[in-house]
Every structure is written in structure tokens, then in C-alpha cells.
Amino acid sequence: MATAIQCRDLRKTYDGKVEAVRGLNLEIAAGECFGLLGPNGAGKTTTIEILEGLLAPTSGQVTILGQTWKENARELREVMGISLQETRLSEKLTVLETIKLFSGFYRQPRAAVDVLEQMQLGEKADSWVGKLSGGQRQRLAVATALVGNPKILFLDEPTTGLDPQSRRQLWDIIRCFQQAGGTVLLTTHYMDEAERLCDRLAIVDHGQVIADGTPSDLIERLGGHHMVEFQVSGSSNGDGIEVWRALPGVESVRPDNGLVCLNVREPHLTIPALLDAVDKQGNHLLHLTTRQASLEDVFVRLTGRHLRED
């Protein structure tokens, strides 16, 4: 497949000393939905702003559809749709006026009415932006990104503030855009969203990509497909780590919010051994659950933090 977005050895340093991006490499195929995940301060927002042409890199190379910002800025702006993490729109314009305003920035925009219907904002066309709910404003922000008829869509946490139904509707819109040949670069704080939408993703920390691949590949690399989470009486969640690590089938152990989390390949071997170990300690099992390993587990294993932690 052709490459839509590529960056090589991307670096951004502020004031000559703060390294926000430190040699980051990405390659995103045309027609792909690609997720960029990372804890706050990891450098993902700086990376996206460089790719969008909003920031100049300190060094490194960026190409979008084979073009560069230095030589093809006007052409690149014509093929991009951008929905920022926080979009401030004029509250004294109507929804339709807002979309028409944004459509005027492009040579071949989509019909404003069609975009509003797609975003289920048709009935709000004559409403002032200042009267919209938070979720409606978020959908309007995405509509301003779609009206230019882009080939590449940058979405920075697009479903924040949306109710579950609106969130799933936006997922459908993203899939339709992709099925029509569009490329999506998505950031999100919702791991289920990344798992459902992204063909591939990269996890960024300290300004570098620390892992990339398909969601299933990353979970496979975690070393196990199942998580066993439990709590034992008479001990804190950090006690007995070496005992739990020695149980059969255990790939890794971590304490998490009062629980002990085991990443295992064969829970049918691990759980009986766990029950036996607790009994030998003279303790009682207060809590025990098993589930499939997820992207959240991969993220915590790699960064030591949950995605939504500051």
C-alpha cells in the first residue's frame, strides 16, 4: 500500500533544552486508521501538530502523501481535515454558518448540509453554536474537519464528552471515511476505541515510539492472553510478588489499585496453584476475576501507567 504519512528521526526541542520529541519514526499507510497513544507529556500532541503543519520540527523529515510542508503547504492543507482536542468556534454563528465558513477555505468542499446530516446535526442547522451541548459541539468540530473533503483526517480525542450513542455514531463515520479510501490518524484516551477502530497503533512515551503494531500483535507480545486479578486478606497488593511470579503459567505480575494482576497463558494451571498458595499462607481470597488481556494491559506494562493517568 502507498504511504500516506511518514516521519523519520523527528525531533522537537523547546528553549534548546526540553526534548518533547526525541527521534520519533512513523509510517502510516493510505487507507489506514492509525492510533497514536501515550500518557500525558509523552510527546504525541507535539508530534501531531508537526504532522499537521502547525509546528516546525527542530530536525527530522515529514512527508504527507509524498509532499512536504516546506514545498507544498497549500496542497497539503487542501487534503487534510483536522479536529483538535479543543476547538473554539464562534458562539454567535449558527451551526450551518459555521460549516459554510469552513467550507470556504477549500477549493472542492462537500455540501455543508450533507455534512451536518452525516453528523446528525441537521436539526440544529439554525441554532447558535453557543446553545449547543458539549457533545453537539464536539460533533460540530468533527464536521468542520470533514467539510473540506479531506484525504487524511486528524482526530485528537474526538469522542471526549460524547454520550455512548454519539460515540458509536462517530465510530461509524470514521469507518465510512476509511472505507472510502481516507486515512485516519487518531489519538484517544479510550482503549476500547483504539482496539475497535485502529488497524495499527503506536505507543509513545518520552518522545519516542516504544511499541507499534496491530492491537492483536501488541497483546500477543505482552506474553499472555489472560489476566487474573485477585486480592488476598492480611496483605497489601504489593506483598508476595515473588510468590505470585513463581506460579505456573505466569508471564508477569503487577500491583494495581489494591489488586494483584497476573498476566498468564494458561489460567487453568495458574488459578489452582494460586488458590493453593493462598491456603498455605493461611490467608483468604477476597476477590478473583479472570478476563482477556487488553490494550490497556499492554499500555500499563510498557509505560507503568494507565492511559488516563496524569
Side-chain angles (χ1 to χ4, degrees), residues 1-10 21-39 42-45 47-48 51 63 152-159 168 171-172 174-175 177-179 181-229 245 249-254 256 261-270 290-309:
M1 295 179 66
T3 300
I5 300 172
Q6 185 180 64
C7 60
R8 287 285 177 264
D9 197 26
L10 193 64
V21 181
R22 303 160 58 191
L24 187 141
N25 297 298
L26 283 178
E27 187 162 329
I28 302 171
E32 191 171 38
C33 182
F34 191 92
L36 199 61
L37 308 181
K44 62 183 186 298
T45 298
T47 299
I48 288 175
L51 297 178
T63 56
I152 298 178
L153 193 57
F154 288 89
L155 298 174
D156 196 359
E157 299 187 31
T159 62
R168 291 180 179 275
W171 289 358
D172 291 339
I174 293 171
R175 291 189 186 104
F177 176 82
Q178 185 187 2
Q179 289 166 1
T183 304
V184 181
L185 179 56
L186 170 79
T187 72
T188 179
H189 272 144
Y190 301 114
M191 281 298 188
D192 63 327
E193 187 163 273
E195 281 192 77
R196 285 174 178 267
L197 292 179
C198 297
D199 301 301
R200 290 190 306 125
L201 52 89
I203 297 176
V204 178
D205 201 13
H206 302 295
Q208 296 178 310
V209 173
I210 59 174
D212 65 347
T214 67
S216 59
D217 284 344
L218 289 173
I219 293 171
E220 176 71 24
R221 277 185 243 165
L222 180 65
H225 296 285
H226 303 273
M227 301 299 296
V228 176
E229 300 174 334
R245 186 176 283 117
V250 172
E251 298 289 334
S252 65
V253 184
R254 62 178 170 85
D256 185 13
C261 301
L262 308 180
N263 179 232
V264 306
R265 283 196 175 274
E266 298 175 300
H268 64 285
L269 297 179
T270 304
T290 64
R291 59 177 174 81
Q292 292 291 111
S294 68
L295 271 182
E296 181 78 15
D297 299 306
V298 175
F299 190 88
V300 174
R301 174 89 174 268
L302 292 171
T303 68
R305 291 179 275 181
H306 287 277
L307 185 58
R308 296 197 66 83
E309 289 180 3

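Quick note: numbers below take in every heavy atom, side chains included, and nothing from hydrogens, waters or symmetry partners.
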If you compare all heavy atoms of [X] against all heavy atoms of [Y], which two are closest, and at what distance to 0.1 Å?
X: E296; Y: M191; result: OE1-CG, 3.0 Å
X: P215; Y: L201; result: CG-CD2, 4.0 Å
X: L24; Y: C7; result: CD2-SG, 3.8 Å
X: L197; Y: Q178; result: O-OE1, 4.4 Å
X: H189; Y: K44; result: NE2-NZ, 4.5 Å
X: F154; Y: I48; result: CD2-CG2, 4.2 Å

Determine yes or no for a side-chain-to-main-chain donor-acceptor pair under 3.5 angstrom, with [X] supplying the side chain and [Y] the backbone.
X: D199; Y: C33; result: yes
X: T183; Y: G31; result: yes
X: T187; Y: E157; result: yes
X: E251; Y: N263; result: no

Side chain proximity check, [X] to [Y], heavy atoms < 4.5 angstrom:
X: R22; Y: H206; answer: yes
X: P39; Y: F299; answer: yes
X: D256; Y: V300; answer: no
X: R196; Y: R168; answer: yes

If I take atom [atom1] from residue [X] and atom [atom2] from residue [Y], how far apart are they, to the nearest 0.5 angstrom?
X: D212; Y: L37; atom1: CG; atom2: CG; answer: 11.5 Å
X: T214; Y: E220; atom1: OG1; atom2: CD; answer: 9.5 Å
X: L26; Y: L10; atom1: CG; atom2: CG; answer: 8.0 Å
X: T188; Y: D156; atom1: OG1; atom2: CG; answer: 9.5 Å
X: Q179; Y: D172; atom1: CD; atom2: CG; answer: 9.0 Å
X: L218; Y: R200; atom1: CG; atom2: CZ; answer: 10.5 Å

Between I28 and I152, does the side chain to side chain contact (heavy atoms under 4.5 Å, CB included) criterion hold? Intermediate values first, please. CA-CA 11 Å; I28 302 171; I152 298 178; over 6 Å; no
Please test I210 against T303 for side chain to side chain contact (heavy atoms under 4.5 Å, CB included), starting from the C-alpha separation and ending with a verdict. CA-CA 9 Å; I210 59 174; T303 68; 3.9 Å; yes
Please lay out, stage by stage, how I5 and F34 fare under the test side chain to side chain contact (heavy atoms under 4.5 Å, CB included). CA-CA 10 Å; I5 300 172; F34 191 92; over 6 Å; no
With D297, the side-chain hydrogen bond (donor to acceptor under 3.5 Å, both in side chains) member among H226, Q292, R291: R291
Evaluate I174 against L155 for side chain to side chain contact (heavy atoms under 4.5 Å, CB included), listing each step before the verdict. CA-CA 10 Å; I174 293 171; L155 298 174; 3.6 Å; yes
